[in-house]
Structure formats: structure tokens, C-alpha cells
Amino acid sequence: MSLNDSWMRRDLAVLWHPCTQMKDHEQLPLIPIRRGEGVWLEDFDGKRYLDAVSSWWVNVFGHANPRINQRIKDQLDQLEHVMLAGFSHQPVVELSERLVALTPPGLERVFYTDNGSTGIEVALKMSFHYWRNSGRPRKQRFVTLTNSYHGETVAAMSVGDVALFTDTYKPLLLDTLKVPSPDCYLRPEGMSWEDHSRNMFAHMEQTLAEHHEEVAAVIVEPLIQGAGGMRMYHPIYLKLLREACDRYEVHLIHDEIAVGFGRTGTMFACEQAGVSPDFLCLSKALTGGYLPMAAVLTTDRLYQAFYDDYSTLRAFLHSHTYTGNPLACAAALATLDIFAEDNVIEANKALAARMASATAHLADHPHVAEVRQTGMALAIEMVQDKASKTAYPWQERRGLQVYQHALKRGALLRPLGSVVYFLPPYTITPEQIDFLAEVASEGIDIATRAAVSVALRPGAPSNFHDPG
Ligand SMILES: *Cc1c(COP(=O)(O)O)cnc(C)c1O
């Protein structure tokens with residue numbers, strides 16, 4: 001038995017993996033990873049895989065990056081952890097100062113949690129609580145876009161709209177207001193992203209006009225709806241949304257958990273619209289993909305509504321045990337150093353252009369409806385019928401065939417339903433991008449050639465985005 005097989009067996013005897021139908025692993029081998037270096041992951045049998053999705057969008061400077069490693073090692077010898085209520089430490093102060101300086105104007109306070117979903121919970125609770133503290137308790141509801149994803153905890157699911165992840169739990173969810181997404185994949189033929197995004201804003205305007213007195217906040221994923229299939233829209237939407245939120249006295253929450261830290265071509269997506277949200281949620285690449293941590297930045301105005309004598313009970317009494325963990329802060333500080341020292345955002349422009357040129361031919365593929373890109377995120381939408389953009393039945397799991405082909409070729413490409421995408425570490429080389437494009441093309445050929453027979457079950461999710 002190979003080493004891979006033996007680790008796989010031991011794993012499958014005791015683990016329950018995330019976002020997985022475990023029965024799949026009767027056919028689909030699990031890949032135990034022994035080590036990582038740069039863009040490469042290596043399994044126990046010595047096979048290497050190019051990490052095209054940055055290990056679920058977190059790893060921006062490669063695996064086992066020497067600079068991040070060193071910073072964590074140094075911190076480890078100094079202080080591994082201390083509770084953040086009543087206590088503080090050097091890395092958390094330095095990181096907070098740097099995040100405040102780096103993010104758009106007005107974001108002056110940083111609250112930490114230990115993953116993206118709980119960061120969203122914090123933003124939702126703070127917004128709701130702000131309106132109570134400000135004598136406007138009717139403002140309780142949240143406005144969200146169709147096809148959005150904001151995490152897995154119950155309130156975060158409530159503001160999400162990817163049926164596969166949320167339908168089962170509907171009875172548990174908050175009652176939110178859903179507005180049609182500006183998703184430019186759905187734009188009328190010949191219309192620009194900008195015009196479509198602007199037109200779609202009419203729905204948001206109308207919802208806010210009707211409901212603003214009961215609305216606490218609008219939450220969006222700026223520019224890219226990630227888990228919803230890497231669907232993209234124009235920054236004009238964010239600009240119009242900021243103006244409307246001001247007009248209607250509604251908070252604006254930007255979930256930049258996936259798109260923050262350079263993914264869209266600027267450090268933060270909101271820069272492209274020239275706006276500051278009331279809450280900016282960051283996680284994923286914040287620690288360079290090393291340790292779980294999220295940061296919620298907000299304004300002094302928000303903060304002041306909670307600042308009072310203890311007995312008024314206005315305080316935000318929310319905590320997570322590992323809040324502000326020093327090792328995670330050290331990883332984040334090292335990550336920010338690399339951004340600053342290596343002029344990463346500028347250097348990424350050439351890589352993004354290479355991603356575009358390497359995949360341009362796929363636009364002519366008979367089963368590709370669109371190749372779309374925003375900065376360092378590129379997505380290829382496979383469809384059954386190109387002219388009508390008819391999707392493949394989700395049960396056919398065409399993306400899974402791309403995934404399996406890529407593994408054979410030594411790449412980790414994990415599609416979202418029928419959407420194949422690249423979200424690589426910024427340390428990828430132009431030649432490695434060409435390799436990924438080649439593997440993706442082959443995989444798409446294989447996946448779209450085959451007739452797939454499946455028993456179609458009624459009542460299944462309409463938008464299937466199970467990765468794999
Ligand atoms: C991943 C993600 C989350 C949830 O973060 P977790 O750390 O997985 O809980 C929330 N919002 C967006 C946009 C994400 O991509």
C-alpha cells in the first residue's frame with residue numbers, strides 16, 4: 001500500500017471533512033499532503049500539485065514562505081497567546097495600527113475574531129446593536145444580494161443566497177431582504193459591465209426606499225461573488241450603494257474576506273469605487289493563509305455609540321476565545337511587510353495580464369459561455385449550450401471531471417459547480433500560469449465532451465456550487 005493510501009485510510013476512519021459528501025471518497029481518493037513549498041503542495045508519494053486556488057483563497061505568498069515562517073517562529077518564542085479582554089500585546093497593537101492606516105479613510109477601530117463567518121456575525125450584531133444604542137430599535141433587518149455568500153454560521157448563512165449551502169437550514173435563518181445581484185454574467189448581450197451594474201442598482205434603490213426604516217445594514221461582497229461562482233460586477237454599483245446608504249441612513253458592510261489583500265487588482269476592492277464602508281470584514285489572506293483570523297474594521301462614529309458607563313449596558317459583549325492571537329497577528333504583519341516591500345499590487349498586473357492571455361482562446365470554446373476576470377481572479381463558465389447560456393444540470397458534476405484531470409496533471413483546480421477558476425498565489429510565475437491554462441483547457445475538453453448520465457432528482461438545488 002502506498003503512503004498516500006495508508007494516510008487516506010486512517011483519515012477516512014476518523015475524520016468528517018468540510019463541504020464534502022463523505023461517500024464520494026469511496027471513489028474519489030483523498031490527497032494527504034506531506035509538505036508545501038511556494039505554489040506547490042506535495043503528497044506522501046512525492047507527487048506535486050500547483051495550488052491554483054490558494055488553498056481556498058487564503059495563500060497569497062506561497063506555502064512555507066520563509067519570511068512569514070520566521071516571523072511566526074520569533075513570535076512563538078516570545079508569546080503564543082494571551083486573552084485579549086483586559087490584556088494586550090505588541091503584535092495586535094501593531095497590526096491594528098497598520099490595518100487602520102492601510103484601509104480607506106474613516107475605518108479607525110479593529111475588532112478581531114477567529115474566522116470569516118464570525119467576522120460577519122460581528123458586523124451584523126454591531127450594526128443591529130448600534131441602532132438600538134442610538135434609539136432606533138426598528139432598524140433590525142439586513143439587505144443582501146442574490147447569489148451572495150458570507151459564511152456558514154446561522155446569521156452569516158441568513159445573509160447568503162447559495163441555495164446548496166442554505167436551503168436545508170431555512171427554518172433557522174433570519175428574515176432578510178434579497179435584492180437581485182448586479183452579476184454581469186447575466187447582463188443583456190452587448191451591454192457593458194458598467195451599464196448593467198448601474199441598471200441593476202434600481203432594485204437596490206427601490207428596496208431601500210421602501211424599507212430603510214427597518215433596515216440596519218446592506219451587506220455585499222465587493223466586485224466578486226466568490227462562492228456563488230466567481231460572478232463579477234462593476235465598481236459603479238459600490239459607489240451608488242454608498243451614496244444610497246448615506247441617503248437612507250443604512251450601514252454598508254463590505255465583506256472583503258475573499259477579495260481583500262490584492263485579489264481584485266487593488267489592495268481592497270472598495271478602493272476601485274473610491275468608497276469607505278461602515279464595516280470592512282477581512283480574513284482569508286490576512287495571515288497569508290497561515291492561521292485563522294478575521295478583522296472587522298469600523299468607524300469612530302459606530303464605536304462611540306457603544307462607549308458609555310458600564311451600567312448603561314451599551315457595550316459590545318461579544319468575544320471569541322482566540323481573539324487577536326499573537327501568532328496569527330505575527331503572520332499578518334509578515335504578510336503586510338511582503339505587500340509593502342515587494343510592490344506586490346504593481347507586480348500582479350503583469351501576472352493578471354498573463355492569466356488573461358493564457359486563457360483567451362477558451363472564450364471560443366463551444367461549451368464556454370464566458371471567461372471573466374477581475375485582477376488576480378479569473379473564471380471560466382462551462383455551459384451545456386453556449387448561445388442560450390444554458391447551464392449543465394448540476395447533477396452531472398462536470399466540474400469534478402476538471403478537478404480530477406487537473407490532479408492527474410499536477411494541479412489543484414477545484415471548480416465551483418461548472419465554473420473553473422484560477423485564484424493563484426501571487427508568487428506564481430508566468431510559465432506556471434501557462435501550465436494551469438493548458439491543464440484547464442484539457443480538463444474542460446474532457447468534461448464537456450462526455451455525455452453524462454445521471455438520475456435527475458426533483459427538488460434539487462437550483463444553483464449548484466458544490467466545489468467538486
Ligand atoms: C470564505 C468566506 C467567508 C467565510 O469565512 P470562513 O473563514 O470560511 O468562515 C465569508 N465571506 C466570504 C466572501 C468568503 O469568501
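We count ligands from 1, going down the list as the structure has it; atoms in each ligand are counted the same way.
At a 4.0 Å heavy-atom cut-off, the residues surrounding ligand 1 are W57, N115, G116, S117, Y149, H150, G151, E221, D255, I257, A258, K284, listed by chain and number.
Counting heavy atoms from C-beta outward, T359 and F422 have side chains that approach closer than 4.5 Å. A 4.5 Å side-chain heavy-atom check between M376 and P425 finds every atom pair outside the cut-off.
When the options F142, F128, W131 are evaluated for a ring pair (Phe, Tyr, Trp, His ring centres under 6.0 Å) with H251, the one that passes is W131.
Of the N and O atoms on the side chains of T335 and Y290, not one donor lies less than 3.5 Å from an acceptor on the other residue.
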- request: Kindly determine whether Y112 and Y322 satisfy ring-ring contact (aromatic ring centres under 6.0 Å, His included), including the steps that lead there.
  value: CA-CA 9 Å; Y112 292 95; Y322 278 102; over 10 Å; no
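Figure legend: cation-pi geometry between R372 and Y185, with NZ or CZ positioned under 6.0 Å from the six-membered ring centre and within 45° of its axis.
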